Protein chains: 2
Amino acid sequence: MKGYLWTGGDPGSQRTLAPPENGRLAPWEAIAVEAVGNVIEFWGFKRNQGRVWGLLYLRGEPLTAGEIERELELSKGGVSMLLRDLEHWGVVQRVRVPQDTVWRYAAETDLVRMVTHVVEEREAAFVTRIRADLSEARRLAELAGGVQPEQLRKLERMAVLAEHVERALRLFIKTSRLDVGGVLGAFRDGALARKGER
Amino acid sequence: MKGYLWTGGDPGSQRTLAPPENGRLAPWEAIAVEAVGNVIEFWGFKRNQGRVWGLLYLRGEPLTAGEIERELELSKGGVSMLLRDLEHWGVVQRVRVPQDTVWRYAAETDLVRMVTHVVEEREAAFVTRIRADLSEARRLAELAGGVQPEQLRKLERMAVLAEHVERALRLFIKTSRLDVGGVLGAFRDGALARKGER
DNA sequence: CATATAGTTCAAGACCGCGTGAACTGCACC
DNA sequence: GGTGCAGTTCACGCGGTCTTGAACTATATG
């Protein structure tokens, strides 16, 4: 637990509180980190991406890859890849501490925004695809001839359905964005603001 | 809660109209069935559950397990399990044709309702769990002492966030239910309506 | 330049969910 | 009873994803 040259208080003191049972995480940290992991996994990302972000967010100060590795009991290579993803999505930032050579990583606060964004794209593309398929099916069916009008109507209805789902989905995304956006305002303070200093 | 008698028109006559009698799906059918499979998989169910339902829905008339097996190229055992699930969720019904001994399966039209319902339960339980975890983490953190107030606030914010997401989610479900409910009204005719005659 | 440490890449393997196919039950009809 | 077919159950294996660990690159230091 090397000294943090970063601006926070003495981290060593709090760390000693954590029973070094399974790693060095305090129980409450472990629970919270795990919660983030679950949420992120729920949205179709990797569990460990969530855990890493959660740890960085909770700690507030940038950690090195090595520290993350130890805290979350992940492999070196794994941490590297996870951080690359998170950085790529802009939810984690690579920072350099003045007279130190190693990279440190800090959590951006807009995890939720990123999630909704990615999910939005993913789902929008998906629904679009479905609708295209359905109309293609309809086209082929008409072309084939001998297909009961009954069935054509079914295809049509399925397409309408997809459209409605799509609309509901967009609404959901928008709602969650706005709703959460307000909350995000509250995030814009605390240790994370320090990032601006670098 | 087992099956019902199928009292619709002669299934055989309709069948002859349907494309490749001898087992293969018409291209347009394949596409549509696949689309349903994708959608259903997207919502966290098995792809083949969607394919089976899609086939039954498109065909309009009840099919036997054997027919499903051939059309979708699935194994006997697989079809059995898929049908069990679908029946259990109430989106497929087991029906008996008067002088025949085999079971046939017919699609209910409320696939969407079922999906939203299951998803709702699943997600509600999930979000509840997350929130419980977060408040547990907070409790432990307070108990432990020596934890920076900064971090307590973060836990709190995460909980608030979960709450908001939950609210957005509920809204989404409700919207999609209503929205789609209207569409479902339109579904209540055609061959499927015959089910009401039973 | 030699050495050490941070960071990246990727093949191998762990892991997990799904569908298969064979064994089994149940039922109808001969 | 016995034969045959519909339907169920479940151990196994296939195919996919995620993680690991080792080889490799890059960079700082004496």
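Here is the naming used below: chain letters follow the sequence lines, and residue numbers restart at 1 for every chain. Because the structure is a prediction, the values reported are computed rather than measured.
- Here A/R94 does not reach the OP1 or OP2 of C/dG7: none of its side-chain N or O atoms lies under 4.0 Å away.
- B/L74 has its CG atom 13 Å from the C1' atom of C/dG21, to the nearest Å.
- Salt-bridge annotation for B/R70 and B/E67: absent, with no side-chain N of the basic residue lying under 4.0 Å from a carboxylate O of the acidic one.
- The CZ-C1' distance, from B/R70 to D/dA6, rounds to 13 Å in whole Å.
- As a whole-Å value, the separation of A/Y105 OH from C/dT8 C1' is 10 Å.
- Spacing between atom CD of A/E67 and atom P of C/dT5 amounts to 16 Å, rounded to whole angstrom units.
- Using bins of under 30°, 30° to 60° and over 60° for the plane-to-plane angle, the ring pair A/F42/B/F126 lands in the parallel bin.
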Item to complete: Take A/W53 and A/Y105 through the ring pair (Phe, Tyr, Trp, His ring centres under 6.0 Å) test and state the conclusion after the steps.
Response: CA-CA 10 Å; A/W53 184 89; A/Y105 302 86; over 10 Å; no
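- The distance from atom CH2 of B/W103 to atom P of C/dG26 is 16 Å, rounded to the nearest whole Å.
- Considering only the side chain of A/K76, C/dT8 comes nearest among C/dG19, D/dG21, C/dT8.
- Of the listed nucleotides (D/dA6, C/dC10, C/dG7), D/dA6 has the atom at the smallest distance from the side chain of B/V102.
- Side-chain nitrogen and oxygen atoms of A/R47 include none within less than 4.0 Å of the OP1 or OP2 phosphate oxygen of D/dT17.
- Note that the CD atom of B/E29 and the CG atom of B/L72 stand 10.0 Å from one another [nearest 0.5 Å].
- Regarding A/L82, its CG atom lies at a distance of 10 Å from the C1' atom of D/dC18, rounded to whole Å.
- Comparing D/dG7, C/dA6, C/dG21 by their closest approach to the side chain of B/A65 singles out D/dG7.
- Using a 4.0 Å heavy-atom cutoff across all strands shown, B/E73 reaches sugar-phosphate atoms only and no base atom.
- Within the nucleic acid shown, B/L83 has no heavy atom closer than 4.0 Å to any nucleic acid atom.
- Applying the 4.0 Å criterion to OP1 and OP2 of D/dC18, one finds that A/N48 has every side-chain N and O outside that range.
- Here C/dA6 presents its C1' atom at 11 Å from CG of A/D100, a figure rounded to the nearest Å.
- Within 4.0 Å of B/T101, counting heavy atoms only, lies no atom of the nucleic acid at all.
- Using modelled atom types, no side-chain atom of B/E34 and backbone atom of B/R51 make a donor-acceptor pair closer than 3.5 Å.
- Regarding B/M81, its CE atom lies at a distance of 19 Å from the P atom of D/dA6, rounded to whole Å.
- Out of C/dT8, C/dT20, D/dG21, the shortest distance to the side chain of A/S75 is found at D/dG21.
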